[in-house]
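What follows is a short report on a single structure.
Just so it is clear: chains get the letters A, B, ... in the order the sequence lines come, proteins before strands, and each one is counted from 1.
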There are 2 protein chains.
Amino acid sequence: MKKEKYHHGFLEKDLIEKGLQLLNSVGLEAFSLRKVAEMCGVSHTAPYRHFKNKEELIQAISTSVSDEFTSLINEAIAENEGAYRKQIMAVSKLYVKFMVENPEHFKFIFMTDHNNPIIMKDGKFNRTDRWIVSVLENLFTGLRGNDGTGESSWPLDALTVWSLIHGFTTMLVNNTIKYEGDYLDAVTLMLEEKVKIS
Amino acid sequence: MKKEKYHHGFLEKDLIEKGLQLLNSVGLEAFSLRKVAEMCGVSHTAPYRHFKNKEELIQAISTSVSDEFTSLINEAIAENEGAYRKQIMAVSKLYVKFMVENPEHFKFIFMTDHNNPIIMKDGKFNRTDRWIVSVLENLFTGLRGNDGTGESSWPLDALTVWSLIHGFTTMLVNNTIKYEGDYLDAVTLMLEEKVKIS
DNA sequence: ATACTATGTTGACAATGTAAACATTATCTG
DNA sequence: CAGATAATGTTTACATTGTCAACATAGTAT
């Protein structure tokens, strides 16, 4: 089989795209560099011109997914400008919804890369999991003014809400529970009735 | 090097034990059947007489770890016989503590095997994540009597507490947050002050 | 046009999971 | 106790995979 062009043209982007595709179909365990290369129509070592190793491609895919996700979060916050409670609720629901609908994305964002040190750069954390906690902290800070307890270095409300949402999401994604009915209603119930957010 | 005995004698147990050892030192990603076999002093295919494949050995290790964990939970419940609130609090703390102190165990119990169907056998779930939810459900049922809302098929309190605890633990284990001070105090704070358990 | 650099390819190697054929030992049955 | 049978291990072989080194091709800059 002859090749049209020796150079692919946009291999880096394509590796990320096809890589994500592969991941969504076979899962993280069966993910293979050589398969991604084949999907892109290049030799099995071509990816090494763009990524140091397999881990780095996965990291790039993770970043790509994270970016998509964080955009949505920022949108939801913008749409409820000024109303902190609504923002918190919107972010919580968006989070659960996005992860349940994209379980493979969830794994990338939350089950990879946990040994990387957390770095703040350009006012944003390098790890999405840490970043979203900071988003919630900011929302709660706005909600409460600046009346921190002075004791805990952690805004307890943000910690509580995020723990709750993250845990619930994890269970849904991992099939630990199957919530009968609309799981977004469950989020509302838990936050409003149990944690008294609204 | 001559072999003392052709037959190992207790290879199945040893594979699980050495396997867990390997996992704690190199992590799930670098876990290898051949290495475990070598640690046990047998040929690289010997494990196949005891486990269908790599996945099954991992599953066995996971079960072994889960058993250890569930014993502790049952102990904690027994120690607070009759006092549901205390039981819930004890189970919550034990859970966080155990996972933070054994992060590799955490991965086994909660990051593996999520495609397996959940089966109840001998009155116990095959998956620890599902099992602990049921434990909490029972505790809350005892606490509340039988005044279910009738609407939700899920006891909302159990769901809330478990989501909270599980999410908090996940963040600690994954280094999403570093809680300054005693994280067990954070559990108390969140459950008592935010979710009003005690 | 020529040199340099970025991007791809080929070929090789080691580590790994797994299957098949064979070897050794334990256990069962008479 | 002796032979049969099942359980447990070993050797060999093979396909997949990640990665490296050496080489090829094509843009790009001087």
Side-chain angles (χ1 to χ4, degrees), chain A residues 1-62 104 107-108 111-113 115-116, chain B residues 1-62 104 107-108 111-113 115-116:
Chain A
M1 168 158 50
K2 290 275 178 62
K3 297 213 54 160
E4 316 293 302
K5 307 190 303 172
Y6 192 91
H7 285 119
H8 179 286
F10 49 100
L11 183 54
E12 185 167 334
K13 272 270 163 290
D14 208 28
L15 285 168
I16 292 174
E17 190 170 318
K18 299 291 203 309
L20 182 55
Q21 225 171 285
L22 181 61
L23 274 157
N24 280 328
S25 64
V26 306
L28 183 52
E29 308 72 29
F31 179 82
S32 139
L33 258 189
R34 289 166 101 115
K35 274 186 210 128
V36 179
E38 193 183 5
M39 290 169 82
C40 293
V42 294
S43 74
H44 61 274
T45 55
Y48 285 88
R49 298 300 147 190
H50 300 273
F51 302 99
K52 204 169 109 281
N53 52 32
K54 182 183 180 182
E55 196 48 38
E56 221 182 55
L57 172 57
I58 290 177
Q59 177 61 41
I61 295 172
S62 173
E104 214 58 41
K107 288 187 195 165
F108 273 95
M111 294 187 175
T112 314
D113 194 32
N115 297 320
N116 276 16
Chain B
M1 168 158 50
K2 292 276 179 56
K3 299 211 51 158
E4 317 294 301
K5 308 192 303 174
Y6 192 92
H7 284 119
H8 179 287
F10 49 100
L11 184 54
E12 185 166 334
K13 271 272 164 286
D14 208 28
L15 284 168
I16 291 175
E17 189 170 319
K18 298 292 203 308
L20 181 56
Q21 225 172 285
L22 181 61
L23 274 156
N24 281 328
S25 63
V26 305
L28 184 52
E29 308 73 27
F31 179 82
S32 141
L33 256 190
R34 290 167 100 115
K35 275 187 209 125
V36 179
E38 193 185 2
M39 290 170 79
C40 292
V42 295
S43 75
H44 61 274
T45 55
Y48 285 88
R49 298 299 148 191
H50 300 272
F51 302 99
K52 204 169 105 283
N53 52 29
K54 182 183 178 180
E55 197 49 39
E56 220 181 54
L57 172 56
I58 290 176
Q59 177 61 42
I61 295 173
S62 174
E104 213 58 42
K107 289 187 194 164
F108 273 94
M111 294 187 174
T112 312
D113 193 33
N115 297 321
N116 276 17

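Exactly one residue among A:Met39, A:Glu38, A:Glu17 makes a side-chain contact (heavy atoms from CB on, under 4.5 Å) with A:Leu22. That residue is A:Met39. Exactly one residue among B:Ile61, B:Leu20, B:Leu57, B:Leu33 makes a side-chain contact (heavy atoms from CB on, under 4.5 Å) with B:Leu15. That residue is B:Leu57.
Spacing between atom CZ of A:Phe31 and atom C1' of D:dT17 amounts to 12 Å, rounded to whole angstrom units. The interatomic distance linking A:Glu55 (CD) with D:dT19 (C1') rounds to 14 Å, in whole Å. Atom pair A:Tyr48:OH and D:dT19:P shows a separation of 4 Å (rounding to whole Å applied). Here the C1' atom of nucleotide C:dT16 and the CG atom of B:Leu33 are 9 Å apart, to the nearest Å. The separation between B:Glu38 atom CD and C:dA15 atom P is 11 Å, rounded to whole Å. B:Glu12 has its CD atom 15 Å from the C1' atom of D:dG9, to the nearest Å. Whole-Å rounding puts the A:Lys35 NZ to D:dG18 C1' distance at 13 Å. Atom-to-atom, CD of A:Glu29 to C1' of D:dT16 comes out at 16 Å; the value is rounded to the nearest Å.
Ring pair B:Phe10/B:His8: centre-to-centre distance below 6.0 Å.
Nearer to the 5' terminus of DNA chain D, by closest-nucleotide assignment, is the contact made by B:Phe10 (compared with the other of B:Phe10 and B:His44).
For D:dT11, the base has a donor-acceptor partner in the side chain of B:Thr45 [N/O atoms by modelled type, under 3.5 angstrom].
The two residues A:Leu28 and A:Glu104 make their nearest non-hydrogen contact at N-OE2, 3.6 Å. The two residues A:Ile16 and A:Ala60 make their nearest non-hydrogen contact at CD1-CB, 4.0 Å. Between B:His50 and B:Glu56, the closest heavy-atom pair is O-OE1, 4.4 Å.
Residue B:Lys5 places none of its side-chain N or O atoms closer than 4.0 Å to OP1 or OP2 of C:dT25. Applying the 4.0 Å criterion to OP1 and OP2 of D:dT17, one finds that A:Lys54 has every side-chain N and O outside that range.
Of the candidates D:dT19, C:dG8, C:dG17, C:dG8 carries the atom nearest the A:Ser43 side chain, counting heavy atoms from C-beta on. Considering only the side chain of B:Ser32, C:dT16 comes nearest among D:dG9, D:dG18, C:dT16.
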side-chain contact (heavy atoms from CB on, under 4.5 Å) assessment of B:Phe51 paired with B:Gln59: CA-CA 10 Å; B:Phe51 302 99; B:Gln59 177 61 42; over 6 Å; no
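Looking at heavy-atom distances under 4.0 Å, A:Phe51 makes no contact with the nucleic acid at all.
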Short N/O separations, protein against nucleotides 1-7 of chain C, under 3.5 angstrom:
residue : atom : partner : partner atom : Å
C:dT7   : O2   : A:His7  : NE2          : 3.3

